Amino acid sequence: MITTQPPESFLPLTPAVFHILLALADGEKHGYAIMQEVETNTDGLVTMGPGTLYGSIKRMLAAGLVEETDERPDPTLDDQRRRYYRLTGLGGQVVEAEAQRLAAMVMLAKAKQVMAFGM
Amino acid sequence: MFKITTTDPGLVSLSTNTYRLLLTFYPNRFRREYGSHMAQVFRDCCLHTYRQSGPPGMLALWALTLFDWFKTVIEEQFNRGTEMTQSKFIRLSGWGMILGAITLTFGFLADASTVRTWMYRLLGTPDTSEGFQVYRTVSDNLGGWLGFAGLLLLVAGIAGLRLRYGKLAGRFGHTSLLLSIVSGGIAVIALLGAYLEWDGAWYIMLYGMAGLFAFLALFGVAALRAKPMPRWNGLPVLAGIGFPLFTVIALVYRVVSGNSLEAPGWFQNMILLITFAGLILLGYVLQGDAPQDEDIHPLQA
């Protein structure tokens, strides 16, 4: 079911959902590419298995944050059986809202001088 | 369906086949939808790890994958169970509201002065007669038990209404339905208290009922704005307005005149009929609008 909830109502996101949305922020990707991107973006700190990946994707599809796409970047180079996902407008708003929320928390941590760097 | 290619190393093929077996533990619907893609992603992971780290890397991959499998199998099975339970509860609560309206109406009628008069005429005997005394004993007890059962069913119906439409109606509507349930719960307890002859229990029951219907009507105001129901969004106001309106009129009359209000029978019956019709139709809408494919698992951390 596609919801029409405001982006803030989805916050805070689980780490898996946030990283998947971030991975899709610069273009559509298939499941394995999302996993690789998350691992690269976090220097291997966040690794998700296929269950977490597709469980999250299922919920994000239901919430209208991502959608499947039939387009292929290059059909000759890719397996036609793969499913590609991309952000929806709402998904973009939600990842932006979550990033702003996290940035505000970092600012607060800096103000309280609990961070080792960046004082 | 995904198939293993013959060029995969033996350890990768074995791992992928084993993982495909593990996929059978997921709910059927989830497996049908995502199973082949999960197996394909796992195979990609195996190939990448095997090329980079060989068999020791595969061991580490399996440790991570088994943890992920165990956690998400529980999540998806629980999710399926909760989804079914919620859907079933909403459907049943719709029927509960219909049955509650009927039961409550019979409860009122069993005790109503109009019906007593009809029975008196029907039996054709003075109120000291044996026939009338039997009727009176039955109606006194039946009215109470029907009222108790009807109130319980109505509270369950409103709980289903809140689960289905509460959030869609906004914070005001959501909170109104919570207060309606709380008021209904107080009325149920007070009705039991009245039978145990607690002081003031009867009045607490009446005000609890007035609260139940008043907050249902307030939810109706929110529903008229947000339109959370597929149709007939005015029903909660229709079902909820009569009883509290009557209570307020009676209270004002009592304060102004110092006497109890003796409302005409037709007025009481009209309010009963409007409330009855509103609840029946509301229950009908609710039982027919239980979510089928809605994913209720939260995205939030």
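Protein chains get the first letters and strands the later ones, always in sequence-line order, with residue 1 at the start of each. Just so we're clear, the structure is a prediction, and the values are computed from it rather than from any experiment.
Within residues 215-235 of chain B, no residue has a heavy atom under 4.5 Å from a heavy atom of chain A.
The part of B:Y26 that comes within reach of chain A is its side chain, from C-beta onward, which places non-hydrogen atoms under 4.5 angstrom from that chain. With a 4.5 angstrom heavy-atom cutoff, A:T47 touches chain B only via side-chain atoms. Only the side chain of B:K71 comes within contact range of chain A, with at least one heavy atom under 4.5 Å from a heavy atom of that chain.
Look at B:E76 and A:R59 and you find a salt bridge, because one of the NZ, NE, NH1 or NH2 atoms lies within 4.0 Å of a carboxylate O, short of that distance. Between A:E67 and A:R86, at least one side-chain nitrogen of the basic residue sits less than 4.0 Å from a carboxylate oxygen of the acidic one, meeting the salt-bridge criterion.
Looking at B:T24, its side chain does come within 3.5 Å of a backbone N or O of B:L21 through a donor-acceptor pair. At least one donor-acceptor pair closer than 3.5 Å links the side chain of A:T14 to the backbone N or O of A:V17. Not one N or O on the side chain of B:R162 forms a donor-acceptor pair closer than 3.5 Å with the backbone of B:L177.
The two residues A:Y85 and A:L24 make their nearest non-hydrogen contact at O-CD2, 3.3 Å. Nearest heavy atom pair, residue B:H37 against residue A:R83, reads NE2-NE, 3.2 Å.
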